[in-house]
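Computation of the quantities below employed the complete heavy-atom set of this structure, encompassing side-chain atoms and omitting hydrogens, waters and symmetry-equivalent molecules. Here is how names work: the chains are called A, B, and so on, in the same order as the sequence lines, proteins then strands, and each is numbered from 1.
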Protein chains: 2
Amino acid sequence: MKLSDKSDISMQESVKRLEKECSRAGLKLTHQRIEIYRALLASDEHPTVEMLHKRFKETMPRISFDTVYRTLVTFSEAGIARRVYTSDSQARYEVESVRHHHLVCSKCGSITDFIPAEDPETPAGVEKWGDASRVCLVVEGVCHDCSAG
Amino acid sequence: MKLSDKSDISMQESVKRLEKECSRAGLKLTHQRIEIYRALLASDEHPTVEMLHKRFKETMPRISFDTVYRTLVTFSEAGIARRVYTSDSQARYEVESVRHHHLVCSKCGSITDFIPAEDPETPAGVEKWGDASRVCLVVEGVCHDCSAG
DNA sequence: CTATGTGCAAAGCGTTTGCGACGGT
DNA sequence: ACCGTCGCAAACGCTTTGCACATAG
């Protein structure tokens, strides 16, 4: 099931993007970072560190777990990737190339991207609390795969 | 900062509520569960297990960490409490006595309850994915306490 | 050439589990 | 009295860290 179009991005294109992001953030461009960035761009399943690491078995067999961890933390801090909200203990990440929201299946735990017809506005009254930078919609429910079996 | 009114609930009232919930779910009513339930009802800071456990130092000094853990898992499964979505690794819980949403401060990590003028509707198109049971709004930003200093 | 990033291994910390004792129904 | 629950301690799994080497700028 795919409810958002993640336009395919070429290899070179993604490297260019990351190059820009890294120079902006003062980070070096390394093979590992490129590989992780590309994997995140290409994936729409909001991978865990483990999923990512497995995916590199072929393309980059010697990359270590801690590099994946460290890179994701680095990316998050630099605003290149974001850690996805879950009520799970395992961290999951995404690169938000297109503004979107999430559908979360309470059975299988899958997270599906979703682009609503209208993006939610910042609700009135929030200014009493502070400066809102972002409004996220999280729709909980059971996906068809799970309700079917 | 308080953006929602958590009407104060008396001791007996909360025990009654839990009693109902437990009998519905086939759970026994124990001192520990009552204490944890009350603490969740009384608190609006979406406590972690650690925060809860500390809070019992006086009222119930011999309660163990694992009981707090187990009880919260039990409560979640029974729909008595819910685990709050965070991009943090530590689990946080709440009893949602009033339907509300969350303001999350990206600096201090605080979670503040928030009741918008209008509750968000299930966005059109979600039925293609599955059955939505709940729409959560998460507003990210920086709270006044943090922007002030 | 220098500062940053990586790999390795080991530690850290939140969370879960097995088991015997306890307590609600 | 019976079955669920609790407390204890030990295990578990995800994540982080210290250090020496490699690499980008």
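Rounded to an integer number of Å, the gap from CG of B:L18 to P of D:dT5 is 12 Å. At whole-Å resolution of the value, CG in B:L72 and C1' in C:dT16 are 13 Å apart. Atom-to-atom, CZ of B:R92 to C1' of C:dT15 comes out at 17 Å; the value is rounded to the nearest Å. When rounded to the nearest whole Å, the span between CD of B:E77 and C1' of D:dG4 equals 15 Å. Counting to the nearest Å, the P atom of D:dG7 and the CD1 atom of B:I36 are 9 Å from each other. Per the geometry, CZ belonging to B:R33 stands 15 Å off P belonging to C:dG23, to the nearest Å. Rounding to whole angstrom units, CD of residue B:E35 and P of D:dC6 are separated by 13 Å. Here D:dT15 presents its C1' atom at 15 Å from CG of A:L52, a figure rounded to the nearest Å.
A salt bridge is defined here as a Lys NZ or Arg NE, NH1 or NH2 lying under 4.0 Å from an Asp or Glu carboxylate O, and A:E19 with A:R24 fails to meet this definition. A salt bridge between B:E45 and B:R55 is present, with a side-chain N of the basic residue lying under 4.0 Å from a carboxylate O of the acidic one.
Every residue two or more places apart in sequence or in another chain that forms a side chain to side chain contact (heavy atoms under 4.5 Å, CB included) with A:S133 is listed here: B:E140. Contacts of A:E127 classified as side-chain hydrogen bond (donor to acceptor under 3.5 Å, both in side chains), with partners at least two apart in sequence or in another chain: none. B:E77 pairs by the side-chain hydrogen bond (donor to acceptor under 3.5 Å, both in side chains) definition with nothing, not counting sequence neighbours. The side chain to side chain contact (heavy atoms under 4.5 Å, CB included) test applied to B:T86 returns B:V84, B:D88, B:R92, B:I111, not counting sequence neighbours. With sequence neighbours left out, the side chain to side chain contact (heavy atoms under 4.5 Å, CB included) criterion links A:D131 to no other residue. The side chain to side chain contact (heavy atoms under 4.5 Å, CB included) test applied to A:S23 returns no partner, not counting sequence neighbours.
One end of the helix from C:dC1-D:dG25 to C:dT25-D:dA1 points its axis 50° away from the other end's axis, with each axis taken from 5 pairs and the angle rounded to 10°.
Between C:dG23 and B:Q32, no contact under 4.0 Å exists linking OP1 or OP2 to a side-chain N or O. Residue A:T67 places no side-chain N or O under 4.0 Å from the OP1 or OP2 atom of C:dT6.
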Could you list, one pair per line, each protein nitrogen or oxygen that sits under 3.5 Å from a nitrogen or oxygen of nucleotides 12-14 of chain D, together with the distance?
none

Interface polar pairs with nucleotides 22-24 of chain D, N/O, under 3.5 angstrom:
residue: D:dA24; atom: N3; partner: A:K28; partner atom: NZ; Å: 3.2

Each nucleotide N or O in nucleotides 9-11 of chain C that has a protein N or O under 3.5 Å away: list the pair and distance.
residue: C:dA9; atom: N6; partner: A:D66; partner atom: OD2; Å: 2.8

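Between B:P123 and A:V139, the closest side-chain pair of non-hydrogen atoms falls below 4.5 Å.
Of the possible polar contacts, none joining the A:R82 side chain to the A:E94 backbone as a donor-acceptor pair under 3.5 Å is found. With B:S106 contributing its side chain and B:V142 its backbone, the two residues share no donor-acceptor pair below 3.5 Å. In this structure a side-chain-to-backbone donor-acceptor pair under 3.5 Å is present from B:H100 to B:V98.
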Donor-acceptor pairs are to be reported for all side-chain atoms of residues 25-42 of chain B against protein atoms at under 3.5 Å, with residues two or more places apart or in another chain.
residue: B:T30; atom: OG1; partner: B:R33; partner atom: N; Å: 3.2
residue: B:R33; atom: NH1; partner: B:K28; partner atom: O; Å: 2.8
residue: B:E35; atom: OE2; partner: B:T59; partner atom: OG1; Å: 3.4

Under 3.5 Å, side-chain donor or acceptor atoms of residues 62-74 of chain A against the rest of the protein: list the pairs with distances, not counting sequence neighbours.
residue: A:S64; atom: OG; partner: A:D66; partner atom: OD1; Å: 2.5
residue: A:S64; atom: OG; partner: A:T67; partner atom: N; Å: 3.4
residue: A:S64; atom: OG; partner: A:T67; partner atom: OG1; Å: 3.0
residue: A:T71; atom: OG1; partner: A:T67; partner atom: O; Å: 2.6
residue: A:T74; atom: OG1; partner: A:R70; partner atom: O; Å: 2.7

